[in-house]
2 protein chains.
Amino acid sequence: MEPDVRIVLYEDNRDLREGMTFLLQATPGLALVGAFADTGNLEMQIPGLKPDVVLMDIDMPGRSGIEATPLVKTLRPETQVLMLTVFEEEDKIFQAIRNGASGYLLKRVPPSEIIAAIFDVHRGGSPLTSSIARRILHFFQQQAPVPSKPVDYSLSVREMEILKSLVKGYPYKLIAGEHGIRIDTVRSHIRHIYEKLQVNSKTEAVLKALNEKIV
Amino acid sequence: MEPDVRIVLYEDNRDLREGMTFLLQATPGLALVGAFADTGNLEMQIPGLKPDVVLMDIDMPGRSGIEATPLVKTLRPETQVLMLTVFEEEDKIFQAIRNGASGYLLKRVPPSEIIAAIFDVHRGGSPLTSSIARRILHFFQQQAPVPSKPVDYSLSVREMEILKSLVKGYPYKLIAGEHGIRIDTVRSHIRHIYEKLQVNSKTEAVLKALNEKIV
DNA sequence: CCTGTATTCACCCATTGGGGTGATAAAAAC
DNA sequence: GTTTTTATCACCCCAATGGGTGAATACAGG
């Protein structure tokens, strides 16, 4: 027999909190071990109550759910944090995710789905409202169009080495020392690099190297 | 009255294709307008059949679902592509998403969920199996630890402008012209920038600006 | 064997960049 | 209303950088 999934709820709205409390207590397999209006005592509550899943509102007086999430993950990494909010703002979504949230539901979803989502995060899934998921996918699609094709400027081995040093911000003299060659040789290589990259200054070369190449 | 959602299915497994066909035809509100075992004639089919939603298997003989997805989006950007597959490999998931897929379901989910997901993508959502969502969130959490806090170096407005020009790779003379000031003034600003950023060369400043600042 | 590229080095020269020092006037802060 | 920051400009000095030109060695491919 599986032990109940231990839940802690942070929700400042009294009606919602009481409604959720009722719902969670009425569900077999779930054990609501705490329900609080703010995250002020989170440092005590999490280690003491040892929740498997934390239901976290975002907008709360004092420390917001976004700020509280990384604390939960630090205090008890195995606890899954499920954001439960009315807001659908890009910023908050991404902040919550970066801070370690494992799911993100809008409050308007039916109770049955909230319950399902709780079991879901506890099993290792990440329930996302599909409109939230869409935003995340969009973000991915926007991010990744560039880094696909590292254009071939056919730099020689040596030239690549020198370019890497340039990107590190080294001056010619240092580069020369680093590779045990004369500074004029470095300059020679760099001229060739500039030709191949079609640039005419260190800064441009570094920028180009960073933007479209594997440096 | 809403018109039916037009569906095209690509699935090489005959049993699955026929099963899906049956399911889709039996569902009110959906109109299956094509079901194919491969994507060979996709260039004809998509413009001709004008689907609202394409259900796309990943592993198919010839052109895979991953390769076919960007074609669909090119031929008909308003068509939503829903990946439907047994595979849960990172690479394929991310490739499919980057290629424009709007949802990603594992085939083992119950038929009712597949139907729900079709309506969902058509409404603009992105249904994701929660285990897939978890992988995507993990990716986010790993990627983005740094860019959260743009440290405040309290650069003045002018200094920010100059810094932006530096990042563009402009030499001092050009920057001076660009802002209608003497080159010595540019140099003066740049010295202040170096102090504030704790660097001592153009390249370092540009690198620092790119790495941790909003330039 | 000849040719092209890679790698190395050298010298000249002009421009650019970076440090020091300081000054002035306007704007913002206290 | 005095002080501090911001923005502006100036001059000196020297190191760093970029372009031109040339050249030797070595190695790979025809």
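Source: prediction; values computed, not measured. Protein chains get the first letters and strands the later ones, always in sequence-line order, with residue 1 at the start of each. What's counted below: heavy atoms across the whole structure, side chains too, no hydrogens, waters or symmetry copies.
- Side-chain proximity of B:N200 to the nucleotides D:dT17, C:dG19, C:dG18 is greatest for C:dG19.
- OP1 or OP2 of C:dT8 has not a single side-chain nitrogen or oxygen of A:T185 nearer than 4.0 Å.
- When distances are taken from the side chain of B:I181 to each of D:dT8, D:dA10, D:dA7, the shortest belongs to D:dT8.
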Review item, side-chain donor-acceptor pairs of residues 115-126 of chain A, under 3.5 Å, at least two apart:
from	atom 1	to	atom 2	distance (Å)
A:D120	OD1	B:S130	OG	2.6
A:D120	OD2	B:S130	OG	3.0
A:S126	OG	A:S102	O	2.7
A:S126	OG	B:R134	NE	2.7

>> Does the protein touch nucleotides 24-30 of chain C at the base, only the backbone, or not at all? Give it as B, S and - per nucleotide, heavy atoms under 4.0 Å.
In response: -------

Identify all side-chain donor-acceptor contacts of residues 83-91 of chain B below 3.5 Å with residues at least two apart in sequence or on another chain.
from	atom 1	to	atom 2	distance (Å)
B:T85	OG1	B:F87	N	3.0
B:E88	OE2	B:S131	OG	2.9
B:E90	OE2	B:R135	NH1	3.1

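- Contact annotation: A:K196 reaches the phosphate of C:dA6 (side-chain N/O to OP1 or OP2, under 4.0 Å).
- Rounding to whole angstrom units, NZ of residue B:K202 and C1' of C:dT16 are separated by 8 Å.
- Rounded to whole angstrom, the span from the CD1 atom of A:I183 across to the C1' atom of D:dT17 amounts to 9 Å.
- As a whole-Å value, the separation of B:I162 CD1 from D:dT6 P is 14 Å.
- Listed by chain and number, the residues in a side-chain contact (heavy atoms from CB on, under 4.5 Å) with A:R6 are A:V33, A:K50, A:D52 (sequence neighbours excluded).
- At a threshold of 4.0 Å, the pair A:K107-A:D57 counts as salt-bridged, since one of the basic side-chain nitrogens sits closer than that to a carboxylate oxygen.
- Using a 4.5 Å cut-off on side-chain heavy atoms (C-beta onward), B:I181 and B:I175 make no contact.
- Rounded to an integer number of Å, the gap from CE of B:M160 to P of D:dT6 is 14 Å.
- As rounded to whole Å, 17 Å separates atom P of C:dG19 from atom NE2 of B:H189.
- One atom, CG of B:L155, and another, C1' of D:dT6, lie 13 Å apart when rounded to the nearest Å.
- Counting only heavy atoms from C-beta outward, the side chains of A:Y104 and B:L137 never approach each other to under 4.5 Å.
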Distances for protein N/O vs nucleotides 20-23 of chain C N/O pairs under 3.5 angstrom?
from	atom 1	to	atom 2	distance (Å)
C:dG20	N7	B:R191	NH1	3.3
C:dG20	O6	B:R191	NH1	3.1

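- In summary, B:E78 and B:K73 do not engage in a salt bridge, as defined by a charged side-chain N under 4.0 Å from a carboxylate O.
- Looking at A:Q45 and A:Y10, their side chains do bring a donor and an acceptor atom within 3.5 Å of each other.
- A close approach under 4.0 Å does occur between a side-chain nitrogen or oxygen of B:K173 and OP1 or OP2 of C:dT16.
- For the ring-ring contact (aromatic ring centres under 6.0 Å, His included) condition, no pair includes a residue of residues 39-69 of chain B, sequence neighbours left out.
- The nearest whole Å value for the distance from the CD1 atom in A:I193 to the P atom in C:dT8 is 12 Å.
- In this structure, the CD atom of B:E159 is 9 Å from the C1' atom of D:dA7, given to the nearest Å.
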